[in-house]
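Report on one structure; see the data block that follows.
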Amino acid sequence: MMSETLRQSLDLSIFWEYRATLAVGLLQNLYIFLASASLAMALALVISLSRLSGKMWLRAISTCYVELFRNTPEFVLLIWVYYVLPILLSRLLSTQFSLTAFVASVLGLGFAYSGFLSETIRAGIQSVPRGHIEAGVSLGMRERTILRRIVLPQALRRMLPEALSQLVSLFKATSIVSLVAVPDIMYQVSMVNVDQMQPLPLYTGAALLFCLVIITATQMIQILSDRWRRRGWA
Amino acid sequence: MKLSMDQPVSQSRPIVECRNLRKAFGANEVLRGISFEIPSGVVLSVIGASGSGKSTFLRCLNFLEQPTSGEVFLDGEPMGIRLGKDGRFTRDSPANIARMRAQIGMVFQQFNLWPHMTALENVTEALRQVKGMKRAEAIEIGRQFLGKVNLSDKADAYPARLSGGQQQRVAIARALAMQPKVLLFDEATSALDPELTGEVLDVMRALAEEGMTMVVVTHEMRFAKDVSDRVIFLHEGLIEEDGVPADVFGNPASERCRRFLSSVVH
């Protein structure tokens, strides 16, 4: 028999009560996710191509980049970008320089995940058989055309499941931006909690909400991408 | 006194000419000085044991491998290299190498069709991207060449849905659609099940009859004997035997060639 207090604390209706505030918070997570995912993917493409480049120095730089960002915790990176980077830039440019918490979050998460994603893209590119490239070469195609028309379209299909799981991690990682006071869902939850003193239903609700959003999104993407990937690989 | 190395002018200038072609991978010298020329319309078969340098030789012709030394000429134009002001050859620009490669078709052992494109898209891709054709024009030509290899009904099929023989025929159509001056075949039937080699060999035979200039690296002695105008036997990176099929197969001068043929012809 459940005690009255336990039943009360598991009553998620308070989460529903504050849905408007919490939705505004979740929207912040989505914005940060979209911005940092775009940044991460753009950087990752450049880095992965550099890692496969024929130029030694380019490979060296990009390898250092990947190792640095893959092995630094997102949280440390976020704090560093938010607090340290502005000081560094201010001294370097000798002007006052500051980043909003939102921009710092996008940069921090974008950098962090570009490291992981670039390795995924690199593996995808390397999985394209040498012969497919040679077929293009022998027909007189230039390097850039081969990359754009033959290598990347195949690499993208092959790396999709892996990239998807990294994007899921990125979305989950957006929950740390509340620590630099971006008004995201975790931030809103803690604000409501200060008022209501009901951590159990509020944080449980937040956890379930993240779960729900991610499962829904990945299921949808899976269905769409499977249909696309299956073309030509049946 | 010799003024130049130029050969006397012949009526038909060779489509492909090799002069003292050498290729080494590190210390391993795979080609050790190969010279020959192929006039227009000639089908040349290259035979030899595995490791004799056949494939490397073929890949040097379109510069998929850069020769260590020696020259290849396509229709009189040096392939992949350029004569500098100092009288020495240097590597040509990527644009020029690509332009020359577009005139040489190549068919691979593993077909190498692009799996994310349909048969028709495989054929039209280079027409669009290299020749800069409009979509409609490329499709028209693509269908025409798929028809030529008897695959009109498979235009919209992805390679994974095609048999090995069908894939190789699409690959031939892809190379042909560029209207190359010469077509290179790198063991085009070796990856096929025995019952599928026939359909590919039939297409190759038809091309030979139309007067296509072809260099065919092959294990199909029957094809080399029946279809080619000339046969070269390679041994350890050198041309060991060179002649018309009747002589090479009937009465080879080289003892090695004789032994090789008796080991493969039953």
Side-chain angles (χ1 to χ4, degrees), chain A residues 41 45 48-50 52-56 58 120-164 221-234, chain B residues 55 58-59 61-65 93-119 121-132 156-162 167 170-171 174-180 182-186 191:
Chain A
M41 286 199 282
L45 183 60
S48 60
L49 292 178
S50 308
L52 295 169
S53 152
K55 297 189 180 69
M56 249 280 273
L58 211 54
T120 307
I121 297 178
R122 187 174 70 121
I125 289 175
Q126 281 177 323
S127 73
V128 176
R130 178 92 209 126
H132 293 184
I133 297 166
E134 284 184 349
V137 169
S138 75
L139 288 161
M141 288 186 192
R142 300 293 299 277
E143 207 174 329
R144 205 173 311 162
T145 311
I146 292 173
L147 185 69
R148 184 172 53 87
R149 300 285 307 173
I150 294 163
V151 175
L152 287 180
Q154 289 193 62
L156 211 65
R157 285 167 169 86
R158 282 167 204 254
M159 69 183 224
L160 209 67
E162 171 87 21
L164 198 60
I221 294 169
Q222 208 96 59
I223 290 167
L224 289 174
S225 72
D226 276 1
R227 200 176 303 160
W228 175 62
R229 289 177 72 227
R230 211 174 294 134
R231 270 199 349 197
W233 266 280
Chain B
S55 284
L58 202 65
R59 291 163 62 84
L61 297 184
N62 67 353
F63 234 63
L64 272 184
E65 302 288 356
S93 68
N96 248 342
I97 296 179
R99 181 182 57 79
M100 302 265 306
R101 279 182 181 136
Q103 304 171 47
I104 306 174
M106 189 167 198
V107 178
F108 300 84
Q109 186 177 350
Q110 298 297 339
F111 331 134
N112 291 335
L113 292 184
W114 302 308
H116 58 299
M117 298 183 194
T118 62
E121 286 165 349
N122 265 278
V123 179
T124 56
E125 183 65 11
L127 297 177
R128 304 262 288 131
Q129 301 292 333
V130 176
K131 289 201 163 174
D156 296 321
Y158 284 90
R161 292 266 180 233
L162 300 175
Q167 288 189 53
V170 173
R174 175 171 73 175
L176 272 182
M178 294 292 283
Q179 315 216 302
V182 57
L183 211 46
L184 314 177
F185 290 85
D186 190 4

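Given the structure is predicted, the values throughout are model-derived calculations rather than measurements.
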- Task: Supply the atom-to-atom distance Glu134(A) CD to Gln110(B) CD, rounded to the nearest 0.5 angstrom.
- Result: 11.5 Å
- Compare every heavy atom of Leu139(A) with every heavy atom of Met178(B), then report the nearest pair and how far apart it is. CE-O, 3.5 Å
- Item | Part of Thr145(A) within contact of chain B (heavy atom distance under 4.5 Å) | side chain
- Task: Supply the atom-to-atom distance Ile146(A) CD1 to Gln129(B) CD, rounded to the nearest 0.5 angstrom.
- Result: 10.5 Å
- Item | Heavy-atom side-chain contact between His132(A) and Pro115(B) under 4.5 Å | yes
- Would you mind telling me which of Met106(B), Arg174(B), Arg99(B) has the largest number of heavy-atom pairs within less than 4.5 Å of chain A? Arg174(B)
- Message: Does Gln126(A), at its CD atom, have more than 12 non-hydrogen atoms belonging to other residues, nucleotides or ligands within less than 6.0 Å?
- Response: yes
- Query: Considering only heavy atoms, which portion of Leu64(B) lies under 4.5 Å from any heavy atom of chain A: side chain, backbone, both, or neither?
  - Reply: side chain
- Note on the structure: Under 4.5 Å to a heavy atom of chain A? For Ile97(B) that would be neither
- Message: Contact between Trp114(B) and Pro153(A) at the side-chain level, heavy atoms closer than 4.5 Å - yes or no?
- Response: no
- Item | Portion of Met100(B) that has a non-hydrogen atom of chain A nearer than 4.5 angstrom | neither
- Of the listed residues (Ile150(A), Ile133(A), Val137(A)), which shares the most heavy-atom pairs with chain B below a 4.5 Å separation? Ile150(A)
- Checking Asn112(B) side chain against Gly131(A) main chain: does a donor-acceptor pair fall under 3.5 Å? yes
- Measure distances from Arg144(A) to the heavy atoms of chain B and classify the residue's part below 4.5 Å as side chain, backbone, both or neither. neither
- Task: Measure the spacing between NE2 of His116(B) and CZ of Arg157(A) and express it to the nearest 0.5 Å.
- Result: 6.0 Å
- Side chain from CB out, backbone as N, CA, C, O: work out which of these in Ala95(B) comes under 4.5 Å of a heavy atom of chain A, or both, or neither. both
- Message: Under a 4.5 Å cutoff for heavy-atom pairs, which residue among Gln109(B), Lys131(B), Arg59(B) has the most contacts with chain A?
- Response: Arg59(B)
